[in-house]
There are 2 protein chains.
Amino acid sequence: MAKGYDASLFPDGEAAYKGFMRDHYDICILDIMMPKKDGFTLAKDIRIVNPDVPVIFLTAKNMKEDVLEGFKLGADDYITKPFSMEELIMRIEAILRRTSQENLANAQPVFTLGRYTFDTRKQTLAEGDEVVKLTTKEADLLKLLCQNANKILERNYALKSIWIDDNYFNARSMDVYITKLRKHLSKEPTVEIINVHGKGYKLIM
Amino acid sequence: MAKGYDASLFPDGEAAYKGFMRDHYDICILDIMMPKKDGFTLAKDIRIVNPDVPVIFLTAKNMKEDVLEGFKLGADDYITKPFSMEELIMRIEAILRRTSQENLANAQPVFTLGRYTFDTRKQTLAEGDEVVKLTTKEADLLKLLCQNANKILERNYALKSIWIDDNYFNARSMDVYITKLRKHLSKEPTVEIINVHGKGYKLIM
DNA sequence: TTTCAGGCTTAACAATATTTAACTCCGAAT
DNA sequence: ATTCGGAGTTAAATATTGTTAAGCCTGAAA
């Protein structure tokens with residue numbers, strides 16, 4: 001898609017809900033007037049499952065009550081049609097700028113994992129004077145886990161990000177790398193990679 | 001001031017700049033058309049000193065170029081006059097919700113259940129030195145119960161939150177997990193999960 | 001160009017987690 | 001007291017994850 005975003009478009013509220021449950025999204029842009037499930041209802045359902053994902057409402061209506069209703073549901077912004085694509089993109093970026101502190105974590109080249117020090121650039125895991133070289137995949141996966149420390153790293157997200165394609169075999173491959181990372185980190189009991197069944201993995205530290 | 005905010009109002013851009021340098025502000029709402037120093041220039045000056053403070057532009061003009069210009073300067077929102085005070089407040093709160101989010105949502109990670117200690121992050125239930133690993137679903141459900149301790153946890157809510165869909169089979173599944181949790185907690189008579197017929201469950205402690 | 005080692009994937013099987021099923025029990029309403 | 005739907009329990013079935021090792025590919029050394 002243009003501007004380097006990877007986006008999904010759904011024909012109605014129910015399809016959007018199913019899509020949201022299946023994959024990871026950084027932001028939701030909901031049309032209030034949608035077939036089957038309107039934007040407000042969809043936002044409520046999404047909030048039950050994920051209280052944090054940013055939501056922007058999109059509507060032709062310009063009624064004050066609707067705008068207030070939207071913000072009460074925890075909207076991050078509210079755009080009335082007609083609007084320019086530039087403005088929508090600007091507003092999306094304004095929100096993501098605040099939301100994804102990943103940019104900060106992304107920039108971070110070195111993580112401290114208990115007694116270990118993980119250097120993402122050198123791809124090394126050091127414990128005192130003992131330095132272990134990690135393979136590229138090991139380092140990529142550990143980096144993602146560190147960036148999402150104490151939060152869930154979704155399978156889909158990790159697979160798409162490291163393996164590009166999230167098929168069965170790549171998922172098995174990822175499991176293998178989780179095992180390897182657990183072995184690498186096994187000396188440090190305060191650091192743990194736990195599985196979140198059906199969702200992904202979480203680095204606890 | 002109304003709504004519990006502590007706000008300062010400045011007659012022009014220069015006064016606002018001096019005010020900003022003197023005191024701490026959580027958010028800036030800048031009118032673009034101001035005497036002495038316009039909103040854009042002021043925003044640039046503020047950004048030099050503080051790249052993080054949220055900025056909202058306020059203007060009578062509705063020109064696209066202005067809006068885009070504002071967002072390029074790192075605006076968090078952009079409101080055109082006339083606007084209602086409610087909407088302004090809603091938009092301010094939407095931004096502050098994101099900005100001042102020191103993981104209030106993640107809230108309490110550890111609960112004490114009589115002799116047991118439940119760690120939601122590690123998904124463990126500890127009794128002295130004996131630590132039991134809970135499965136994801138067990139931990140999710142127990143967490144919901146703890147968050148609603150001594151209050152009723154409604155079936156629908158729990159199902160939507162953990163199982164996504166609240167159909168018959170998932171309700172049966174939830175029953176199974178209630179049984180498991182009761183077994184896990186069986187050594188502690190002061191903690192009990194009771195059923196509220198037709199409504200849900202209540203964690204008594 | 002051939003060989004080899006490292007890195008990654010695939011396969012096979014083991015262990016866990018979750019759902020479904022079958023049946024029992026209980027509480028509220030008639 | 002009877003009936004019915006929700007709730008409780010256990011076990012089997014299914015799905016997901018964990019682990020080990022074999023196989024395959026590729027780039028660097030010989």
Side-chain angles (χ1 to χ4, degrees), chain A residues 21-23 49 120 122-125 131-145 152-186 192-204, chain B residues 120 122-125 131-145 152-186 192-204:
Chain A
M21 290 311 175
R22 198 168 43 242
D23 291 317
V49 183
T120 60
K122 292 184 183 168
Q123 303 194 0
T124 54
L125 195 62
V131 180
V132 177
K133 255 185 158 341
L134 299 181
T135 72
T136 308
K137 283 272 196 295
E138 284 173 345
D140 286 351
L141 186 52
L142 185 53
K143 184 178 174 189
L144 275 193
L145 283 164
I152 182 168
L153 170 64
E154 292 177 49
R155 273 199 112 93
N156 283 345
Y157 180 76
L159 285 170
K160 279 186 192 166
S161 155
I162 300 178
W163 278 266
I164 311 301
D165 189 17
D166 65 339
N167 60 32
Y168 173 83
F169 292 110
N170 287 339
R172 289 317 77 247
S173 199
M174 177 170 163
D175 287 344
V176 172
Y177 277 92
I178 291 290
T179 299
K180 291 181 181 184
L181 289 181
R182 281 177 176 152
K183 271 186 195 154
H184 281 311
L185 298 169
S186 57
E192 205 184 348
I193 301 171
I194 67 168
N195 171 253
V196 182
H197 197 96
K199 294 263 163 55
Y201 292 92
K202 198 154 49 155
L203 176 70
I204 306 288
Chain B
T120 60
K122 292 186 179 173
Q123 301 188 174
T124 55
L125 195 62
V131 180
V132 178
K133 262 183 159 336
L134 299 180
T135 72
T136 307
K137 285 269 196 293
E138 285 172 345
D140 286 351
L141 186 53
L142 185 52
K143 184 178 176 189
L144 276 192
L145 284 164
I152 183 167
L153 170 65
E154 290 179 47
R155 275 198 108 93
N156 283 348
Y157 180 77
L159 283 170
K160 273 196 179 181
S161 158
I162 299 177
W163 278 267
I164 312 303
D165 189 17
D166 65 339
N167 60 31
Y168 173 81
F169 290 111
N170 287 337
R172 294 308 89 240
S173 201
M174 178 169 161
D175 286 345
V176 172
Y177 277 92
I178 290 289
T179 300
K180 290 182 182 184
L181 288 181
R182 282 175 176 153
K183 271 186 195 155
H184 280 310
L185 298 169
S186 57
E192 206 183 348
I193 301 171
I194 65 166
N195 172 253
V196 183
H197 197 90
K199 294 265 162 52
Y201 293 92
K202 206 181 336 187
L203 177 69
I204 306 289

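Labels below follow one simple rule: chain letters A, B, ... track the order of the sequence lines, proteins then strands, and each chain is numbered from 1.
- With sequence neighbours excluded, the residues that form a side chain to side chain contact (heavy atoms under 4.5 Å, CB included) with B:V196 are B:I152, B:K199, B:K202.
- Judged as a side chain to side chain contact (heavy atoms under 4.5 Å, CB included), and not counting sequence neighbours, the contacts of A:F169 are A:N167.
- Here the range on DNA chain D touched by chain B, meaning any atom under 4.0 Å from one of its heavy atoms, is D:dG6 to D:dT10.
- Note on the helix from C:dT1-D:dA30 to C:dT30-D:dA1: terminal axis deviation equals 20°, with five pairs used at each end and the result rounded to 10°.
- Shortest non-hydrogen contact noted between B:S161 and B:L144 is OG-CD1, 3.8 Å.
- In this structure, the side chain to side chain contact (heavy atoms under 4.5 Å, CB included) partners of A:T120, at least two apart in sequence or on a different chain, are A:P109, A:F111, A:F118, A:K143.
- Annotation for B:E138 and B:K133: closest pair OE1-O, 4.5 Å, computed over non-hydrogen atoms.
- Side-chain contact check for B:L203 versus B:L153: every heavy-atom pair is 4.5 Å or farther apart.
- Two residues are said to be in side-chain contact when any heavy atoms from C-beta on lie closer than 4.5 Å; A:I178 and A:N195 fail this criterion.
- Residue pairs that meet the salt bridge (Lys or Arg N to Asp or Glu O under 4.0 Å) test with at least one member in residues 157-167 of chain B, sequence neighbours left out, are A:D45-B:K160.
- Applying a 4.0 Å cut-off to non-hydrogen atoms, the residues of residues 172-181 of chain A that approach DNA chain C are A:S173, A:V176, A:Y177, listed by residue number.
- You'll find the side chain of A:I194 stays beyond 4.5 Å of the side chain of B:K122, heavy atoms only.
- The residue A:K183 sits close only to the backbone: its heavy atoms come under 4.0 Å of sugar-phosphate atoms, none of a base.
- We find the CE-CD1 distance between A:M174 and A:I162 to be 7.0 Å, quoted to the nearest 0.5 Å.
- Heavy-atom contacts from other residues, nucleotides or ligands closer than 6.0 Å to CD of B:E154 number 12 or fewer.
- Scored by the side-chain hydrogen bond (donor to acceptor under 3.5 Å, both in side chains) test, B:Y201 finds B:D175 as partners (sequence neighbours excluded).
- When all heavy atoms of B:L142 and B:L181 are compared, the closest pair comes out as N-CD1, 3.8 Å.
- For DNA chain D, none of the residues of residues 160-169 of chain A falls under the heavy-atom distance limit of 4.0 Å.
- Protein chain B contacts DNA chain C from C:dA17 to C:dA21, reading 5' to 3' and using non-hydrogen atoms of the protein with a distance under 4.0 Å.
- Heavy-atom minimum distance, B:R172 versus B:R155: NH2-NH2, 4.0 Å.
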Checking B:Y177 against B:T135 for the side chain to side chain contact (heavy atoms under 4.5 Å, CB included) test, could you report, in this order, the C-alpha distance in whole Å, the side-chain angles of both residues, the deciding distance, and whether it holds? CA-CA 10 Å; B:Y177 277 92; B:T135 72; 3.9 Å; yes
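- Judged as a side chain to side chain contact (heavy atoms under 4.5 Å, CB included), and not counting sequence neighbours, the contacts of A:Q123 are A:T136, A:A139.
- Two residues are said to be in side-chain contact when any heavy atoms from C-beta on lie closer than 4.5 Å; A:N170 and A:I164 fail this criterion.
- Using a 4.0 Å cut-off on heavy atoms, the residues of residues 193-200 of chain A that approach DNA chain D are A:N195, A:H197, A:G198, listed by number.
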